[in-house]
Amino acid sequence: MSKAPALELIDIHKTFTDVEVLKGISLKAYDGDVISILGSSGSGKSTFLRCINLLENPTKGEIIFNGESLKLASSGRDLAAADMKQLTKMRQQIGFVFQSFNLWPHMTVLQNVMEGPAHVLKRPKQEVMDYAEHLLNKVGIADKKHMYPNQLSGGQQQRVAIARTLAMDPQVILFDEPTSALDPELVGEVLGVMRKLAEEGRTMLIVTHEMSFAKEVSSEVVFLHKGVVEEKGTPDKVFNSPDSERCRAFLSSTY
Amino acid sequence: MIDLHGFGDQLLQGALITVELAMASLAVGLVLGLLGAAAKLSSIAPLRWLATIYTTIVRGIPELLTVLIIYFGATIVLMAIASQFGYDDYIEVGPFAAGVTALGLTFGAYATEVFRGALQSIPKGQHEAATALGMGAFRKFQRIILPQVWRVALPGLGNLFLVLLKDTALVSIVGLDDIMRKANIAVSSTKQPFLFYATAAVMYLLLTIISMVVVTWLEKRASRGMRRG
Ligand SMILES: Nc1ncnc2c1ncn2[C@@H]1O[C@H](COP(=O)(O)OP(=O)(O)O)[C@@H](O)[C@H]1O
Ligand SMILES: [Mg+2]
């Protein structure tokens with residue numbers, strides 16, 4: 001492993017008002033890694049993921065993307081981007097899929113997927129449209145491209161949201177509980193799309209409660225507890241012989 | 001046919017002025033309203049104070065007084081400024097400019113609250129989805145937030161416009177040749193107050209109905225995709 005990690009997080013801390021939610025989390029993702037992040041509710045999984053692309057400003061820590069350290073400067077108690085250009089560029093290459101989809105309701109499915117490449121990356125319209133249709137096809141929504149998000153089921157909306165992220169050709173994709181807002185019968189279709197992405201060799205960080213999915217697709221599993229990495233390793237290690245007692249208790253309660 | 005004693009054309013010209021005044025005030029007011037809302041939601045405290053002072057003063061003064069104060073005050077203020085630059089001739093602020101300023105300020109103060117509510121009603125996730133894509137703040141506002149704010153704000157703004165339309169009549173007091181003043185002129189020359197005031201009322205009513213039709217059409221257009229189908 002001489003190649004630099006695609007994404008490296010070093011000693012990420014986050015304090016909200018008076019509670020330290022992240023207490024120093026470090027993580028490396030190499031190209032093609034699929035890292036699942038597990039943990040009970042409130043353990044800091046979302047906060048950690050949101051600190052990576054500065055949807056949340058970390059209180060302390062370093063973010064290195066493609067060997068380039070994100071420039072940060074103190075802003076009150078937290079760190080904020082010191083170079084907006086650099087941050088914007090990094091965000092364009094790190095996709096984020098939300099638990100609540102966050103599709104834009106005033107745009108059609110196709111417009112949602114085209115928005116990034118057309119208006120952020122400023123790629124030619126026809127090329128963007130062809131690519132968007134290709135991606136919608138890939139996530140199985142091609143026939144709904146002229147509908148509005150509110151006319152789709154949750155599973156369909158999340159697949160559109162994944163296509164919207166893919167349209168930017170991100171190098172790394174972050175997923176924050178992508179199936180937690182879905183009715184149980186719709187979870188499978190979204191996991192199916194994500195499995196396909198993993199097989200393609202996409203680099204992904206996935207916060208999830210879908211244990212069998214995590215076990216199957218991950219190259220590494222991380223278990224967070226109260227803002228620290230309590231356990232990490234191969235899926236086999238974490239699921240079958242974890243060192244941490246808490247990790248074992250968590251897995252037996254949910255899996 | 002009702003006999004308007006030859007004042008029909010005059011009244012129509014007045015209607016044109018009324019519509020022009022209303023549209024110009026609307027444009028000024030929409031811009032002020034958006035700026036006011038942005039200021040009220042700003043993290044910069046002096047901007048919030050400024051916006052609060054603006055909306056409090058304008059909403060606390062009767063519209064008629066605002067029109068008079070702007071009309072007579074603007075001349076004094078402008079002449080004072082001009083004399084600083086060695087220009088001492090009389091400067092007149094026309095009734096139209098004064099009317100647009102007064103009604104634009106008024107509309108803007110009320111629209112500030114409408115826009116503020118609409119901006120706050122947009123879920124945080126809408127902003128975050130754009131930010132996470134690497135979209136800049138300006139583009140995010142223009143492409144993602146404003147279209148949704150517009151949809152939420154439209155009914156409230158439509159209502160304010162109907163009020164504005166009728167407040168234009170106040171500007172006749174400083175000599176603007178709108179429907180109201182044309183009607184007054186006709187009354188004093190024909191001594192038929194009921195005829196001309198009723199005609200003026202019908203004209204305002206017609207303008208109101210047209211406005212309502214336009215607003216309904218805009219609302220329908222803006223809410224595409226918003227209902228579950
Ligand atoms: N914006 C915020 N302000 C204050 N506290 C927050 C905020 N976001 C999250 N928290 C707190 O941080 C802790 C971790 O939250 P989160 O990262 O969402 O956990 P998880 O995703 O693992 O469920 C929780 O106790 C939560 O209440
Ligand atoms: Mg969470």
Side-chain angles (χ1 to χ4, degrees), chain A residues 46 49-50 52-56 75-76 81 84-109 111-122 144 146-153 160-161 164-168 170 173-174 176 181, chain B residues 30 34 37 41-48 114-115 117-158 215-229:
Chain A
S46 296
L49 219 54
R50 292 162 57 81
I52 296 175
N53 68 353
L54 260 60
L55 281 179
E56 211 75 73
S75 153
M84 272 317 280
K85 270 222 175 82
Q86 188 198 21
L87 173 64
T88 300
K89 196 143 175 289
M90 198 190 86
R91 281 173 170 162
Q92 290 169 11
Q93 299 173 70
I94 298 181
F96 200 107
V97 175
F98 299 85
Q99 180 174 345
S100 51
F101 333 131
N102 296 345
L103 292 176
W104 298 308
H106 59 298
M107 297 183 183
T108 64
V109 163
Q111 288 168 336
N112 265 276
V113 178
M114 290 176 63
E115 183 66 22
H119 291 100
V120 178
L121 302 177
K122 306 219 162 54
K144 307 238 174 347
H146 293 308
M147 295 181 96
Y148 287 92
N150 286 346
Q151 299 171 305
L152 305 184
S153 73
V160 173
R164 175 174 70 177
T165 296
L166 291 174
M168 298 290 285
I173 309 177
L174 315 176
D176 189 6
Chain B
L30 285 175
L34 264 179
L41 296 173
S42 163
S43 55
I44 303 162
L47 281 181
R48 292 199 302 270
V114 173
F115 277 128
L119 277 166
Q120 283 176 317
S121 78
I122 309 300
K124 201 169 132 217
Q126 291 291 309
H127 291 263
E128 288 184 345
T131 303
L133 232 53
M135 204 181 281
F138 178 76
R139 193 163 299 276
K140 179 186 80 178
F141 183 73
Q142 176 206 10
R143 304 268 322 159
I144 308 298
I145 305 306
L146 196 55
Q148 298 188 61
V149 163
W150 178 237
R151 174 186 66 86
V152 179
L154 250 174
L157 295 176
V215 170
T216 307
W217 178 78
L218 284 173
E219 278 177 30
K220 224 176 178 161
R221 233 179 65 116
S223 66
R224 266 183 312 198
M226 293 302 163
R227 280 149 306 181
R228 279 191 81 95

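Every chain is numbered from 1 and lettered A, B, ... according to where its sequence line falls, protein lines coming before strand lines.
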- Message: Can you give me the closest heavy-atom contact between A:H106 and B:P147, atom names plus distance?
- Response: CD2-CB, 3.5 Å

- Message: If you count heavy-atom pairs within less than 4.5 Å of chain B, which of A:M84, A:M107, A:H119, A:R164 leads?
- Response: A:H119

- Message: Measuring from atom CD1 of B:I145 to atom CH2 of A:W104, what distance do you get when rounded to the nearest 0.5 angstrom?
- Response: 9.5 Å

- Note on the structure: The reported gap from CZ in B:R224 to OG1 in A:T108 (rounded to nearest 0.5 angstrom) is 10.0 Å

- Evaluation steps, side chain to side chain contact (heavy atoms under 4.5 Å, CB included), between B:E128 and A:R50: CA-CA 10 Å; B:E128 288 184 345; A:R50 292 162 57 81; 2.7 Å; yes

- Item | Under 4.5 Å from any heavy atom of chain A - which part of B:R151 | neither

- Exercise: identify the closest heavy-atom pair between A:F96 and B:A132: CB-CB, 3.9 Å

- Query: When rounded to the nearest 0.5 angstrom, what distance separates CE in B:M135 from OG1 in A:T88?
  - Reply: 11.5 Å

- Message: For A:P105 versus B:Q148, what's the shortest heavy-atom pair and its separation?
- Response: CG-OE1, 3.4 Å

- Message: If I measure from the heavy atoms of chain B, does A:L103 come under 4.5 Å with its side chain, its backbone, both, or neither?
- Response: backbone

- Message: Using side chain to side chain contact (heavy atoms under 4.5 Å, CB included), reason through A:Q92 and B:L133 one step at a time and then give a plain yes or no.
- Response: CA-CA 5 Å; A:Q92 290 169 11; B:L133 232 53; over 6 Å; no

- Query: So, the side chain of A:E115 versus the backbone of B:A130: is there a donor-acceptor pair under 3.5 Å, distance only?
  - Reply: no

- Query: Side chain, backbone, both or neither: which part of A:I94 has an atom under 4.5 Å from a heavy atom of chain B?
  - Reply: backbone

